[in-house]
> 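Below is one structure. I have some questions about it.
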Amino acid sequence: MDVRLQEAKEREWRAKEKAAAERQAAMMEDLAAAREAQMRSKLVAQATMAQVEQTEFMRVLAVNQEKEEQQRSQVRAGTCRQPATTSTLRCPELPRHPLQGTHLVVLTAVQPPSAVSGSSGDPCSAMMLPVG
């Protein structure tokens, strides 16, 4: 009878171990599924945020480009005066200095582009300073 009792206890212990292993495996599957769902959710949120940021960037870019075009057309038409403060611009139309690179343009007075000394209506020809 001792052997039967020992075998019964072993069967009971194996059944408990099997049930614990199955519970552990189920819990691990649930955790893995939850991690996967969380990562998908995070990726969707990041994609949505990126789309919102891109849309906002494009809107701001369009507004800025429209303002720049309005300013350029006003300068060309002579209806806009240069700013009262000294402004420094990089003028792509100017030739590069062979030794020092690009030039800075400094506009210093409140005056229409046609009144800029040495200008033929081009606001970029006021005064060139080489930049090294």
Side-chain angles (χ1 to χ4, degrees):
M1 218 162 154
D2 238 0
V3 174
R4 287 186 189 167
L5 185 59
Q6 187 177 359
E7 287 177 357
K9 286 190 177 202
E10 282 182 15
R11 280 193 299 272
E12 185 180 320
W13 179 80
R14 285 189 203 120
K16 284 181 181 179
E17 287 293 315
K18 184 178 178 181
E22 288 173 353
R23 282 192 308 271
Q24 181 72 16
M27 187 170 45
M28 294 305 285
E29 283 180 26
D30 288 345
L31 286 172
R35 273 191 229 107
E36 182 68 28
Q38 185 179 24
M39 287 190 302
R40 277 194 309 266
S41 175
K42 184 178 179 179
L43 285 175
V44 167
Q46 287 175 339
T48 303
M49 182 57 80
Q51 182 65 40
V52 166
E53 288 175 358
Q54 182 183 17
T55 303
E56 180 65 14
F57 174 79
M58 296 306 287
R59 184 190 68 76
V60 169
L61 181 64
V63 168
N64 287 343
Q65 287 175 339
E66 185 176 328
K67 285 180 182 179
E68 287 176 3
E69 182 56 37
Q70 287 174 353
Q71 288 174 348
R72 279 193 290 268
S73 65
Q74 288 176 349
V75 167
R76 277 187 236 130
T79 60
C80 177
R81 298 174 69 83
Q82 294 296 334
T85 60
T86 300
S87 61
T88 304
L89 307 170
R90 295 214 180 264
C91 189
E93 292 86 24
L94 294 175
R96 291 181 159 273
H97 189 278
L99 299 176
Q100 296 186 354
T102 63
H103 289 84
L104 287 179
V105 176
V106 179
L107 303 174
T108 55
V110 177
Q111 53 191 336
S114 59
V116 175
S117 62
S119 173
S120 59
D122 181 13
C124 291
S125 64
M127 179 171 42
M128 296 188 305
L129 300 174
V131 176

> Looking at CG of D2 and CZ of R4, how far apart are the two atoms once the value is rounded to the nearest 0.5 Å?
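D2 CG to R4 CZ: 11.5 Å, rounded to 0.5 Å.
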
> First locate atom CD of E53, then atom CD of Q46, and finally report the distance between them rounded to the nearest 0.5 Å.
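E53 atom CD to Q46 atom CD measures 10.5 Å (nearest 0.5 Å).
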
> Determine all donor-acceptor pairs shorter than 3.5 Å in which one atom belongs to a side chain in residues 56-65; sequence neighbours excluded.
unit_1: E56; atom_1: OE1; unit_2: R59; atom_2: NE; d: 3.3
unit_1: E56; atom_1: OE2; unit_2: R59; atom_2: NH2; d: 2.7

> Atom CD in Q74, atom CD in E69: separation rounded to 0.5 Å?
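So the CD of Q74 and the CD of E69 are separated by 10.5 Å.
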
> Hey, can you pull the donor-acceptor pairs under 3.5 Å for the side chains in residues 22-45, sequence neighbours left out?
none

> Drop me the distance from E10's CD to E12's CD, to the nearest 0.5 angstrom.
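Atom-to-atom, E10:CD and E12:CD are 11.5 Å apart.
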
